[in-house]
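A note on names: the letters A, B, ... follow the listed sequences, proteins ahead of strands, and every chain is numbered from 1. Excluded from the calculations below are hydrogen atoms, water molecules and symmetry mates; all remaining heavy atoms, backbone and side chain alike, are included.
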There are 2 protein chains.
Amino acid sequence: MIGNIISKKQKFYKEILKYLFFNKQLSCADLSGLIGKSIPLTTQYLTELMSLNMVVEKGYAASTGGRRPQTYSIRSGVFYVVSVAMDQLVTRIALISSDNIIVGEVEKFDLILANNPNSLNELITHLKTFIGNTKLPESKIAGIGIGMPGFVDTEKGTNYTFLHCADGSIVSKIQDALQIPTLIDNDSSLVGLAELKWGAAKNKEHVMVVNVGWGIGLGIISNGKLFRGKDGFAGEFSHIPLFDNNKICSCGKLGCLETETSLVVVAQKGARQLKKLQQPSLIKSLNAERIEESAKKIIEAAHKGDKFAIDLLSEAAYHIGRGVAILIHLLNPEEIIISGIGSLAGKVWMAPIQQAINEHCIPKIAEHTEVKISSLGYNAEIIGAAALVMDNYEKLPVIKEEAEKLIAQ
Amino acid sequence: MIGNIISKKQKFYKEILKYLFFNKQLSCADLSGLIGKSIPLTTQYLTELMSLNMVVEKGYAASTGGRRPQTYSIRSGVFYVVSVAMDQLVTRIALISSDNIIVGEVEKFDLILANNPNSLNELITHLKTFIGNTKLPESKIAGIGIGMPGFVDTEKGTNYTFLHCADGSIVSKIQDALQIPTLIDNDSSLVGLAELKWGAAKNKEHVMVVNVGWGIGLGIISNGKLFRGKDGFAGEFSHIPLFDNNKICSCGKLGCLETETSLVVVAQKGARQLKKLQQPSLIKSLNAERIEESAKKIIEAAHKGDKFAIDLLSEAAYHIGRGVAILIHLLNPEEIIISGIGSLAGKVWMAPIQQAINEHCIPKIAEHTEVKISSLGYNAEIIGAAALVMDNYEKLPVIKEEAEKLIAQ
DNA sequence: AATAACTTTTTAAAATTTTTATTAAGTGTG
DNA sequence: CACACTTAATAAAAATTTTAAAAAGTTATT
């Protein structure tokens with residue numbers, strides 16, 4: 001049964017567990033600062049959590065000029081998180097344990113989102129099987145986190161673009177079917193969250209995470225937190241009107257950023273040019289119908305230094321840079337991170353983006369803005385989905401058995 | 001002497017005074033929530049502040065379904081704030097008392113910022129005279145708040161565009177000269193802050209405040225707070241590259257938003273068209289050299305329904321709307337406020353901006369975004385400067401005498 | 001129109017949490 | 001290798017919050 005939070009103390013227990021999930025090892029002073037409670041109280045909570053077998057001492061950290069602090073970690077298997085990363089064609093599911101390690105294999109399967117009225121049911125069926133295979137009781141699963149494309153309202157638990165469900169929200173339907181707390185968010189927001197928690201945006205305040213994939217998403221980090229806007233739709237970078245190119249976009253408007261920069265466009269343009277221009281390249285053929293395969297070929301070739309592939313990506317990168325210049329003017333970030341599947345092409349992105357920034361920004365405003373390539377790569381979204389659950393861990397509906405265990409204290 | 005904060009209790013005293021400055025009348029429960037302390041403690045603080053003659057009871061508020069709450073107000077003259085609003089040509093100074101009322105007249109004088117190495121000294125001289133004329137001791141003045149154009153770093157207290165000062169920051173130079181805590185910020189940020197505290201953005205979370213004047217500034221309110229970005233430069237709306245018009249901008253780049261939308265451009269275009277086209281209009285003549293005068297004439301005529309003036313402003317408004325469409329995609333705000341001196345033209349702005357939003361936004365994302373015209377008008381910046389001081393009131397360096405008075409408690 | 005049931009504010013007493021002071025453990029310098 | 005200076009952990013004192021109860025109003029119902 002999914003109920004409500006039971007005690008205040010339990011909330012702080014959960015906060016401690018949450019920060020230990022995100023950080024692996026922390027001292028009592030660290031945790032005291034993070035949960036906003038005094039050191040004596042935090043000491044007490046930690047002692048109790050150790051006697052509950054949830055937290056363990058991990059020896060002393062190096063001194064910073066005085067007595068060395070004892071550090072603490074969370075045990076593996078105290079709880080688990082089910083992470084789901086969806087794109088328009090493929091969905092991946094992973095099981096992550098409380099010590100923040102992916103358990104077993106990441107499951108990958110086709111699930112078409114566009115014009116598929118059955119997509120939500122398919123997702124639920126897959127989730128049921130996946131969770132069944134883990135052999136874990138529901139009470140051991142803290143929550144399910146799902147990243148998906150489209151206009152997602154995290155608070156309402158709805159997606160206005162995909163996975164339509166007639167009555168109520170996606171979240172309530174999944175929770176009813178599986179009896180596990182569930183959270184959903186936009187894929188690019190989760191990529192941003194992953195960068196904030198474990199990637200290049202860690203400990204930064206103002207970062208723009210550009211999710212280069214079949215569209216150009218944006219995760220906005222402002223004041224050290226993921227920014228979602230009024231309805232959760234912030235970061236709709238793909239569709240800002242930027243070009244006079246008269247190309248019609250998937251959204252129906254003309255000249256969106258996406259029409260010159262997404263990997264779909266890159267793959268299509270690549271296929272066309274390869275055929276027409278007979279350019280020398282490591283790539284022998286590109287099929288404009290098989291976007292994913294073609295995009296991967298181009299990214300791989302670019303890695304090997306293939307000029308044709310690099311030129312293709314550079315052109316897209318420069319156009320992305322024009323959009324980034326606008327972001328810099330408006331939000332004055334300290335960092336731009338290129339993430340998502342496109343980031344696998346590596347440093348190729350950097351020079352053209354920096355070039356566009358130099359050309360289109362007032363120098364002073366871009367002075368302290370660094371461009372970086374994500375090191376999280378293809379895993380960013382799935383990691384971000386776990387972060388979404390754990391970011392809300394202490395607010396999550398409580399699972400009965402666990403609640404009793406904790407309240408028995 | 002400017003020293004440091006003395007006691008924790010004093011910090012809460014100041015927080016209470018701050019919230020009473022912003023709100024006029026508040027109940028104990030309101031204040032308890034605002035300062036984040038329990039009701040019994042807040043009661044105690046209020047009692048003490050009343051015995052210090054700083055706070056007074058203001059009778060009972062209407063019931064909301066139960067016992068009516070006692071309300072409290074701050075006394076006039078407990079402290080004062082000096083507010084300064086600068087633009088490139090004119091500076092205004094006002095004295096505001098603790099009950100949030102402008103005392104006496106707003107002083108207005110010419111102060112050229114561009115290419116004026118003496119501008120900071122001129123400002124300091126004016127401030128000295130102004131404060132001298134108030135006959136108030138420094139200890140009665142909580143702080144000086146200054147809004148100015150340019151790239152302002154509030155934390156460092158510097159402006160990279162105007163009011164250059166060789167050694168150290170603008171803030172430290174003013175503080176050294178006047179012995180009064182001082183804060184500076186970008187003019188558009190302060191217009192945004194004014195809207196947040198007393199205008200159309202009050203109690204909203206995500207709002208874009210467009211400051212229409214000699215440029216097009218932007219105050220960004222995100223999560224209910226003014227957003228400044230990494231170095232304080234966020235909201236550089238004027239210079240996002242948006243047009244293929246080949247017009248060179250004051251910043252040196254081509255096609256900035258400003259080149260089609262600022263009141264300078266409107267005035268210049270108006271003067272040109274009036275001469276060339278001999279259009280019928282209530283306006284008899286416009287001098288392209290005297291921008292302020294011409295802009296005012298156009299705004300006034302638009303108010304009277306003059307078609308020529310309305311067309312001029314509508315064109316600029318539509319272009320602003322294109323920029324606003326980008327803001328909506330990126331930040332998903334709940335409200336767009338047209339503020340600053342241009343807002344005096346009133347509702348003329350609304351239809352063309354809404355039109356541009358309809359044309360350039362994905363409908364879903366703009367669904368809940370309202371466009372509004374500010375009611376604060378020309379006073380926004382000067383009010384915002386006072387808000388800047390009071391927003392930081394409890395963090396401000398303490399003035400010795402006052403500190404002793406409070407600590408004597 | 002009067003009473004019961006429900007709200008909200010205010011006050012008082014009990015329980016919790018933080019602060020301050022003290023002790024313990026470790027670094028770096030002349 | 002003392003000596004001065006850190007930081008961490010613990011214990012006792014002080015401050016703050018929570019809980020409970022009383023006071024003051026509102027709304028619905030008979």
Side-chain angles (χ1 to χ4, degrees), chain A residues 4-17 19-20 23-52 55-73 394 406-409, chain B residues 4-17 19-20 23-52 55-73 394 406-409:
Chain A
N4 242 351
I5 275 189
I6 308 237
S7 77
K8 208 180 124 183
K9 190 181 215 175
Q10 197 183 8
K11 192 196 127 198
F12 290 117
Y13 280 169
K14 289 188 120 189
E15 279 205 54
I16 289 174
L17 296 177
Y19 286 113
L20 289 175
N23 289 290
K24 222 118 223 177
Q25 273 190 33
L26 288 172
S27 72
C28 181
D30 294 334
L31 282 164
S32 162
L34 287 166
I35 71 174
K37 296 276 122 184
S38 68
I39 286 181
L41 193 61
T42 310
T43 309
Q44 181 195 319
Y45 288 159
L46 278 169
T47 312
E48 288 162 2
L49 282 168
M50 284 196 289
S51 73
L52 281 168
V55 167
V56 285
E57 289 187 343
K58 273 282 163 127
Y60 294 100
S63 165
T64 54
R67 181 169 167 174
R68 296 177 306 180
Q70 180 63 254
T71 65
Y72 302 85
S73 288
E394 76 276 7
L406 288 174
I407 211 170
Q409 250 298 296
Chain B
N4 242 353
I5 276 189
I6 309 236
S7 77
K8 208 179 126 182
K9 192 181 215 176
Q10 196 183 8
K11 191 195 128 198
F12 290 117
Y13 280 169
K14 289 189 119 189
E15 279 204 54
I16 289 174
L17 296 177
Y19 287 112
L20 289 174
N23 290 290
K24 221 116 226 179
Q25 273 190 34
L26 288 171
S27 72
C28 181
D30 293 334
L31 282 164
S32 162
L34 287 167
I35 69 173
K37 296 276 120 184
S38 68
I39 284 180
L41 193 61
T42 310
T43 310
Q44 181 196 316
Y45 288 159
L46 278 169
T47 312
E48 288 163 0
L49 282 168
M50 283 196 291
S51 73
L52 281 169
V55 168
V56 285
E57 290 186 343
K58 272 282 162 126
Y60 295 99
S63 166
T64 54
R67 181 167 169 174
R68 295 177 306 180
Q70 180 64 253
T71 64
Y72 302 86
S73 288
E394 77 276 8
L406 287 175
I407 212 170
Q409 250 295 295

Might you list the N or O atoms of the protein lying below 3.5 Å from N or O atoms in nucleotides 5-12 of chain C, with each pair's distance?
from	atom 1	to	atom 2	distance (Å)
dT7(C)	O4'	Gly65(B)	O	3.4
dT7(C)	O2	Gly65(B)	O	3.1
dT8(C)	O2	Arg67(B)	N	3.1
dT9(C)	O2	Arg67(B)	NH1	3.3
dT10(C)	OP1	Gln70(B)	N	2.8

In a table with atom names and distances, give each donor-acceptor pair under 3.5 Å that connects a side chain of residues 34-42 of chain B to protein atoms at least two apart or in another chain.
from	atom 1	to	atom 2	distance (Å)
Thr42(B)	OG1	Ser38(B)	O	2.7

Test your reading of the model: is there a side-chain donor-acceptor pair from Ser73(A) to the backbone of Lys24(A), 3.5 Å cut-off? yes
Contiguous Watson-Crick or G-U pair runs (3 or more, under 3.5 Å) in DNA chain C: C:1-30 with D:1-30
Taken to the nearest whole Å, CG/Asp30(A) to C1'/dA8(D) is 12 Å
To the nearest 0.5 Å, what is the distance between CD1 (Ile16(B)) and CG (Asp30(B))? 12.0 Å
Please state how far atom CD in Gln44(B) lies from atom P in dA15(D), giving the value in whole angstrom units. 10 Å
Euclidean distance, Leu49(A) CG relative to Leu17(A) CG, rounded to 0.5 Å: 5.5 Å
Set of side-chain hydrogen bond (donor to acceptor under 3.5 Å, both in side chains) partners for Ser32(B), sequence neighbours left out: none
Sugar-phosphate only, base, or nothing, as touched by Ser63(A) at under 4.0 Å among non-hydrogen atoms: sugar-phosphate
What's the spacing between Lys58(A) NZ and Tyr72(A) OH if we round to 0.5 Å? 13.5 Å
Output the rounded distance in Å from CZ (Phe12(B)) to C1' (dA15(D)). 11 Å
With sequence neighbours left out, what residues match Arg68(B) under side chain to side chain contact (heavy atoms under 4.5 Å, CB included)? Tyr60(B), Ser63(B)
Within this structure, what is the NZ-to-C1' distance between Lys9(A) and dT17(D), rounded to whole angstrom? 16 Å
Contact under 4.0 Å: Lys37(A) side-chain N or O vs dT17(C) OP1/OP2: no
Please report the interatomic distance OH(Tyr13(A)) to CD(Glu394(A)), rounded to the nearest 0.5 Å. 15.5 Å
For Tyr45(B), report the nucleic acid contact type (base, sugar-phosphate, nothing); a contact means any heavy atom under 4.0 Å. sugar-phosphate
Can you tell me the distance, in whole Å, between the NZ atom of Lys11(A) and the P atom of dT16(C)? 17 Å
Could you tell me which residues satisfy side-chain hydrogen bond (donor to acceptor under 3.5 Å, both in side chains) with Asn23(A), sequence neighbours excluded, listed by chain and number? none
